[in-house]
Enquirer: 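One structure, pasted below without further comment.
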Amino acid sequence: MNRLGSATSPYLRQHADNPVHWREWDADALAEAAERDVPILLSVGYASCHWCHVMAHESFEDVATAEQMNADFVCVKVDREERPDLDAVYMTATVAMTGQGGWPMTCFLTPDGAPFYCGTYYPKQPRGGMPSFTQLLTAITETWRNRRDEVDKAADQVTEALRAQATGLPDGEIALTAELLDKAVLAVAADEDRVHGGFGGAPKFPPSAMLEGLLRHWERTGDQAVFDLVERAAEAMARGGIYDQLRGGFARYAVDANWLVPHFEKMLYDNALLLRAYAHLARRAPATPLESLPHRVSRETVEFLLADLGTAEGGFASALDADTHLEPGGPGVEGATYVWTPAELVGELGPLDGMWAADAFGVTTAGNFEQGTSVLTRHSDPVDAEQSARFDRLRAELFRIRTERPQPARDDKVVTAWNGMAITALAEAGAALEEPSWVAAAVRCARFLLDVHLVDGRLRRASLDGVAGAPPAVLEDYAWLTTGLLALYQATGEPDWLAAAQVILDAAIEHFADPDRPGSWFDTADDAETLVTRPRDPIDGATPSGTSALAEALLTASAVADPDRAVRYRELADHTLARGALLLDRAPRTAGHWLAVAEAAVRGPFQVAIAATEKTSATMELLAAARTAAPGGSIVLAAPPDAAPLLTDRPLVDGHPAAYVCRGSICDLPVTDPADLTLALRT
């Protein structure tokens with residue numbers, strides 16, 4: 001029988017009606033495989049994955065295919081977003097066997113979980129040199145029954161290779177210096193696509209964490225070429241089809257090199273990380289008569305997060321699907337919600353406004369997508385207030401019309417790490433751009449996570465409809481929630497956020513550290529389920545690695561925690577960054593978040609402690625100056641003297657609020673004038 005009906009993952013629930021006897025990953029599944037003496041068929045995907053839906057429609061909904069699967073295998077479905085530990089282990093095996101990875105991931109395992117054959121998508125019918133899925137099933141079953149020695153040998157070899165790759169970064173062999181970071185940035189800049197912005201060719205992914213790291217590098221060095229690189233990438237993405245020109249928010253990636261046609265799924269983690277970078281860039285944008293591009297994108301991205309991904313409980317859902325189901329039960333059509341033709345625009349807006357909108361959004365009769373349709377772009381901005389008002393009116397009308405179309409499904413799963421990223425971005429952006437409602441949204445999300453995801457002092461990975469799932473949190477969950485709580489502490493000055501952050505960070509140190517190698521961290525806890533190997537991957541990918549994320553949490557906490565904890569946190573941050581220096585030296589393109597944290601570390605990080613007894617205009621002016629001028633990764637906190645560790649022995653000056661600026665352990669004299677504070681932070 002299919003056992004996915006009560007799963008807490010929307011992705012698993014999508015398969016609850018399959019004729020396949022799916023079950024979740026657990027000890028009972030492995031035991032059943034051993035008892036029946038059959039392999040485990042492990043299928044890994046996620047709710048907004050287009051090809052996962054295709055394979056499900058072709059094979060998992062087919063009765064004959066399901067009968068073969070049920071007869072010869074124990075069939076296990078895994079949501080990679082709910083179980084990143086399983087995904088990491090078996091994706092490593094898939095890449096090792098095939099040279100590439102992706103989802104859906106299809107792995108065949110022995111009853112003890114050892115992989116012996118792995119791949120990704122398999123079609124219903126043979127094509128392009130690829131066997132059909134049923135042909136593969138038949139071949140696996142024949143090998144299992146008649147050539148078991150080959151299976152055991154392959155499983156042993158793969159398992160040995162997996163364990164060899166899970167050793168983590170070596171002890172610090174390269175010093176983390178400003179010179180190393182300069183060298184890393186030069187290498188990254190050499191890989192820029194100077195024509196289209198960003199890095200690499202098709203498909204092209206938003207370099208979210210790298211943009212933040214490069215901005216921090218520019219703030220340290222003043223290298224205008226680096227700032228220009230960030231601006232080129234940010235503007236190209238914001239003007240291309242990867243950005244939703246009507247609603248705001250970014251799609252997962254562009255299928256081409258010039259950011260035109262997106263893969264239409266919209267992920268929480270992409271938008272949270274990009275919000276952080278665009279809001280940082282908005283602080284550095286020159287004043288303009290109309291709203292600057294990075295400020296506009298920041299605002300619209302927040303609007304998207306709150307309206308389209310916000311949950312009733314205060315958290316944020318994981319994603320919007322890539323596909324739209326135009327008919328109930330029918331196959332999904334990628335992009336159907338989002339694309340337009342000139343005739344549609346004219347029909348909805350009238351001839352004058354319709355053609356004006358077609359020109360403004362790059363909609364042509366030839367189209368830039370499929371079947372003569374166009375993904376909307378925005379390669380110029382209104383030149384005056386009148387044009388701006390017209391653009392905003394038509395944009396709002398087109399969005400209203402679009403909401404009447406069938407909409408992509410939403411994955412309502414609330415993932416701790418990704419919500420921690422959202423808390424961080426909303427708190428930082430709201431504080432820096434003076435948007436208190438954004439900070440309030442971060443507060444609601446944080447309270448929900450602490451109330452629901454923190455169970456008996458330990459975090460859970462995800463929840464659905466306000467109920468925490470069983471899978472335990474992994475390293476990135478602890479790291480990002482800590483960083484988010486510390487961002488809220490700075491944005492609000494409320495000490496409860498610091499206390500909660502320290503509890504979570506201490507739990508991460510206790511359960512994820514490698515006791516024999518300071519600064520080396522596992523991605524799963526010491527009391528988590530034992531897999532064929534205990535994963536740890538320090539390389540930044542679509543999201544920062546758990547290890548680089550923890551480095552930021554440790555570094556930030558070391559500047560605001562009580563003295564005993566602060567020393568411990570800084571030592572661990574330094575050990576962790578010393579290992580990360582190897583990636584910055586040898587593979588900087590895979591170390592965007594490492595660069596961001598390292599840039600903060602080599603500058604101290606900057607600490608701005610504002611001693612103030614009340615939130616007077618003088619206090620708020622100092623705070624605004626600090627939040628505007630301080631480089632990324634700085635700590636900015638306003639509190640009464642001695643009310644927080646960072647404000648210990650830091651009094652008012654002649655009864656006035658005073659700002660104390662330190663770079664690591666080197667401090668300036670206090671200042672009371674916002675202009676003097678700005679000067680101190682930019683020199």
Side-chain angles (χ1 to χ4, degrees), residues 1-49 52-87 89-90 103-115 118 122 133-134 136-137 140-141 144 318 321 329 409-415 455 460-474 528-532:
M1 60 176 289
N2 188 309
R3 306 182 189 184
L4 300 183
S6 60
T8 56
S9 160
Y11 172 65
L12 298 189
R13 290 187 179 185
Q14 288 176 356
H15 295 271
D17 294 328
N18 293 168
V20 179
H21 294 170
W22 291 120
R23 57 186 304 158
E24 296 187 64
W25 176 279
D26 57 19
D28 289 343
L30 276 66
E32 181 185 333
E35 181 180 350
R36 290 175 52 195
D37 190 27
V38 296
I40 294 168
L41 193 168
L42 175 67
S43 177
V44 183
Y46 58 105
S48 57
C49 165
C52 299
H53 298 321
V54 172
M55 189 168 178
H57 183 68
E58 290 179 342
S59 296
F60 304 151
E61 296 172 10
D62 179 71
V63 172
T65 303
E67 288 177 350
Q68 184 175 0
M69 294 170 66
N70 297 335
D72 296 335
F73 303 90
V74 170
C75 302
V76 176
K77 258 289 173 193
V78 166
D79 182 343
R80 66 170 295 264
E81 297 170 352
E82 190 176 53
R83 290 298 305 266
D85 52 339
L86 289 168
D87 180 65
V89 168
Y90 294 110
W103 300 275
M105 179 164 57
T106 308
C107 297
F108 297 90
L109 321 177
T110 63
D112 60 358
C118 298
Y122 291 95
F133 185 52
T134 52
L136 175 67
L137 297 179
I140 293 293
T141 300
W144 178 265
S318 294
D321 205 336
R410 188 174 85 164
D411 182 345
D412 287 334
K413 180 173 70 273
V414 175
V415 175
V455 180
R460 300 286 178 88
R461 171 65 175 175
S463 65
L464 185 67
D465 298 330
V467 178
V474 295
E529 177 186 0
T530 300
L531 304 175
V532 292

Enquirer: List the steps, then state whether side chain to side chain contact (heavy atoms under 4.5 Å, CB included) holds for C75 with F60.
Expert: CA-CA 11 Å; C75 302; F60 304 151; over 6 Å; no

Enquirer: Would you say that S43 contacts W22 through its side chain, given a criterion of any heavy-atom pair below 4.5 Å between the two side chains?
Expert: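 Yes; the side chains approach each other to less than 4.5 Å.
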
Enquirer: Do N2 side-chain atoms and H15 backbone N/O form a donor-acceptor pair below 3.5 Å?
Expert: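 It does hold such a pair.
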
Enquirer: Nearest 0.5 angstrom please: S463 OG to D412 CG, how far?
Expert: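 The CG atom of D412 is 10.0 Å from OG of S463, to the nearest 0.5 Å.
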
Enquirer: What are the two closest non-hydrogen atoms of P471 and R83, and how far apart are they?
Expert: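 Nearest pair, atom of P471 first, then R83: CB-CD, 3.6 Å.
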
Enquirer: Under 4.5 Å between any side-chain heavy atoms of Y122 and T106, yes or no?
Expert: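 Y122 vs T106: side chains touch.
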
Enquirer: Listed by chain and number, what are the side-chain contact (heavy atoms from CB on, under 4.5 Å) partners of H21, not counting sequence neighbours?
Expert: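 Here the qualifying residues are N70.
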
Enquirer: Compare every heavy atom of V76 with every heavy atom of E24, then report the nearest pair and how far apart it is.
Expert: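 Here E24 and V76 meet closest at C-CG1, 3.9 Å.
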
Enquirer: Identify, with sequence neighbours excluded, every residue that meets side-chain contact (heavy atoms from CB on, under 4.5 Å) alongside E32.
Expert: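 Testing E32 for side-chain contact (heavy atoms from CB on, under 4.5 Å), a comparison that skips the adjacent residues, returns R3, R23, R36, V74.
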
Enquirer: Where do H53 and A47 come nearest, in terms of heavy atoms and distance?
Expert: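 Nearest pair, atom of H53 first, then A47: NE2-O, 2.8 Å.
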
Enquirer: For R80 and Y46, which heavy atoms make the closest approach, and how far apart are they?
Expert: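 So the minimum-distance heavy-atom pair works out to CD-CD2, 3.5 Å.
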
Enquirer: Apply side chain to side chain contact (heavy atoms under 4.5 Å, CB included) to L41 and L137, showing your working.
Expert: CA-CA 9 Å; L41 193 168; L137 297 179; 3.6 Å; yes

Enquirer: Looking only at the aromatic ring of each residue, does the gap between the centers of W144 and F108 stay below 6.0 angstrom?
Expert: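 No - the distance between ring centres of F108 and W144 does not fall below the 6.0 Å cut-off.
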
Enquirer: Rounded to the nearest 0.5 Å, what separates atom CD in E67 from atom OG1 in T134?
Expert: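 Going from the CD atom of E67 to the OG1 atom of T134 covers 12.5 Å.
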
Enquirer: Looking at CG of N18 and OG1 of T65, how far apart are the two atoms once the value is rounded to the nearest 0.5 Å?
Expert: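 Between N18 CG and T65 OG1, I get 11.0 Å after rounding to 0.5 Å.
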
Enquirer: Check R460 against A468 and note the closest heavy-atom contact, atom names and distance.
Expert: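 Heavy atoms only, the tightest pair is CG-CB, 4.1 Å.
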
Enquirer: So, E81 and K413, do they make that salt bridge, N to O below 4.0 Å?
Expert: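 Counted as a salt bridge, because a side-chain N and a carboxylate O are separated by less than 4.0 Å.
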
Enquirer: Does the pair Q68 and F133 meet the rule for a side chain to side chain contact (heavy atoms under 4.5 Å, CB included), with working shown?
Expert: CA-CA 11 Å; Q68 184 175 0; F133 185 52; over 6 Å; no

Enquirer: Do P10 and L464 make a side-chain contact, defined as non-hydrogen atoms from C-beta onward lying under 4.5 Å apart?
Expert: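 A side-chain contact under 4.5 Å exists here.
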
Enquirer: At what distance, to the nearest 0.5 angstrom, does OG of S48 lie from CZ of R410?
Expert: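 Separation between the atoms: 13.0 Å.
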
Enquirer: Output the distance between atom CE (M105) and atom CG (L42), rounded to the nearest 0.5 Å.
Expert: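 Nearest 0.5 Å value for the CE-CG distance: 6.5 Å.
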
Enquirer: How would you list, by chain and number, every residue that makes a side-chain contact (heavy atoms from CB on, under 4.5 Å) with T141, sequence neighbours excluded?
Expert: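 side-chain contact (heavy atoms from CB on, under 4.5 Å) check on T141 returns D72, F73, R145.
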
Enquirer: Give a yes or no on whether D112 atom CG has more than 12 heavy-atom contacts from other residues, nucleotides or ligands under 6.0 Å away.
Expert: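 Yes, CG of D112 has more than 12 neighbouring heavy atoms, counting only those of other groups under 6.0 Å.
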
Enquirer: Nearest 0.5 Å please: distance from the OG atom of S59 over to the CE atom of M69.
Expert: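 That separation rounds to 8.0 Å.
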
Enquirer: I want to check something: taking the side chain as every heavy atom from C-beta on, are V415 and S318 in contact at a cut-off of under 4.5 Å?
Expert: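 SC-SC contact between V415 and S318 confirmed.
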
Enquirer: Show your working on side chain to side chain contact (heavy atoms under 4.5 Å, CB included) between W25 and L30 and close with a plain yes or no.
Expert: CA-CA 8 Å; W25 176 279; L30 276 66; 3.9 Å; yes

Enquirer: For the residue pair C49 and W103, what are the closest heavy atoms and their distance?
Expert: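 Smallest interatomic distance, heavy atoms only, reads SG-O, 3.6 Å.
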
